[in-house]
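From a predicted model like this one, the values you see are computed outputs, not experimental measurements.
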Amino acid sequence: AKLYCCDWDGIAPLKARVAAGLQDGKRVVFPGHWIAASNSPADQLRAAAIWAADIYGSGTAPPPPALSKHGRIRIAYVSADFHAHATAFLMAELFERHDRTRFETIAVSHGPDDGSAMRTRLVGAFDHFLDVQHKSDDEVADLLRAMQVDIAVDLKGYTQGARLGIFQRRPAPIQVSYLGYPGTTGLGCIDYVLADRTVIPPDQLAFYTEHVVWLPDTYQVNDSTRAAGVESPSRAAAGLPPDGVVFCCFNSNYKITPEIFAIWMRLLAQVPGSVLWLLRPNETAVRHLRQAAQVAGVEPERIVFAERTDLASHLARLRLADLFLDTLPYNAHTTASDALLVGVPVLTCIGCAFPGRVAASLLQAAGLPELITDSLEAYEARALELARDAAARAGMRAQLTAHIESGPVFDTDRFRQHLERAFTEMVERHRRGEPPAPFAVEPLPPA
């Protein structure tokens, strides 16, 4: 079943059919689609486990190789997104900052070379950059074995261009899931998933086939070198009215549910002069969203669509927003970091499963827990309250500005040290002959 559906009336019965199929053990949905529709970590595990068993379950994986005997730990990051992509925007500085006296880094790129400045930057960020997009899973796995990789990190999970078949062939003694997919792979060959105690609370360990490693602060790395344009455009240049509250949400449009959209329309109705600023999707979605606004009694032109642009220009214009309104069950992830980076408060409703808890993780680490709500009713009430309180919004902007300078969310080197501690502990456990197990990384003292 494909859940990216323009017909909102059809979503509920479609979800019910999918849930029933999963209960019967049928492969009825791609896990990467299901996490956008399900708020249940148990159902997300069921979808992943069924898919993994059906797609990757045949055959016997070779035994894992031994750890290398080189002086440095060899880490291979495996992804299709080593180009101008959200994952790269978050991780580029981390790759550059890895401690080369202790770690040897390898990029295993199975996606396209887009010729972008980001691609050039990434090629220079690693000790080795391997373009394997035309190699088979067997060939890539053999290559990693030949290079004696100690830790292989999958950055894709069940997303577009994923190649978990490489990991099913066990090319590394330690295999880790991180960042690209906010959930379990359902694969026994992935030893660990990197998280924090907000995105995966300790009482949810049963919903992961991986062993959870809790990082301090937030699990999501950020690139502190990302910079907005020198000047923000005028509201008029961005297609926004000169006055009134600008609500925004730059999440992918498939994350917008009818329940969330209904809340947004009620907010527009109660806040005169306000607009909702969204990233322009395809024209069919634009038409449907404007029709839905009209049905809700809101003038369609109060939804303003932003054209896609380069990252620096987007961050510059994003400063014009007054309040970022998050989605559920799939939160803002990179888009939440973007907003916080330019001082825009992000209001979220925390979900039950990993995809719906990422914005809360970032807000906790940024010292703004008051922007985390635990129900859609509270989310709507808090949004209305903030829309009517410019002073409160200004205070949050000031707090975010201070956090960017000294807080953990955008302290890439602090994150790098925590991550390297995690990798070191994985290797040391393996060397002691201990099986993978959950553990927490102790935080560094504040700078």
Go through the structure and list residues passing side-chain hydrogen bond (donor to acceptor under 3.5 Å, both in side chains) with D142, not counting sequence neighbours. none

Pair listing, salt bridge (Lys or Arg N to Asp or Glu O under 4.0 Å) test, anchored in residues 189-215, at least two apart: R170-D191

Kindly assign one of parallel, tilted or perpendicular to the pair H403 and F410, based on the angle between their ring planes and the thresholds 30° and 60°. perpendicular

All ring pair (Phe, Tyr, Trp, His ring centres under 6.0 Å) counterparts of F126, not counting sequence neighbours: F82, F95

Just verifying a value: how many Å separate M91 CE and Y178 OH, rounded to the nearest 0.5 Å? 5.5 Å

State, to 0.1 Å, how close L164 and G157 come at their nearest heavy-atom pair, and which atoms those are. CD1-O, 3.8 Å

Filter on salt bridge (Lys or Arg N to Asp or Glu O under 4.0 Å), then keep only pairs touching residues 27-49, sequence neighbours left out; what's left? R27-D54, D43-R46

Scan for salt bridge (Lys or Arg N to Asp or Glu O under 4.0 Å) pairs involving residues 363-380, sequence neighbours excluded, and state none if there are none. R266-E380

Going by the rule side-chain contact (heavy atoms from CB on, under 4.5 Å), which residues pair with L444 if we only count those two or more places apart in sequence or in a different chain? R414, Q417, H418, R421

For H314, check side-chain hydrogen bond (donor to acceptor under 3.5 Å, both in side chains) against everything at least two apart and list the hits. R317

Sequence-distant partners of E283, side-chain hydrogen bond (donor to acceptor under 3.5 Å, both in side chains), two or more places apart: R280

With sequence neighbours left out, the residues meeting ring pair (Phe, Tyr, Trp, His ring centres under 6.0 Å) with Y181 are Y158

Taking salt bridge (Lys or Arg N to Asp or Glu O under 4.0 Å) as the cut-off, I'd like each qualifying pair that reaches into residues 329-358, sequence neighbours left out, listed once. R226-D338

Name all pairs fulfilling the ring-ring contact (aromatic ring centres under 6.0 Å, His included) condition that reach into residues 333-355, sequence neighbours left out, sorted by first residue then second. Y219-F354, Y330-H333

Determine whether L368 and L400 satisfy the following criterion, side-chain contact (heavy atoms from CB on, under 4.5 Å), listing intermediate values before the conclusion. CA-CA 9 Å; L368 287 168; L400 284 170; 3.6 Å; yes

Around R432, counting heavy atoms of other residues, nucleotides and ligands shown, do more than 12 lie under 6.0 Å from its CZ? yes

Results of side-chain hydrogen bond (donor to acceptor under 3.5 Å, both in side chains) for T225 - residues two or more places apart only: R121, D223

Consider only side-chain N and O atoms of T184 and T209, and report whether a donor and an acceptor are under 3.5 Å apart. yes

Minimum heavy-atom separation for S361 and T198, please, with both atom names. N-CG2, 3.7 Å

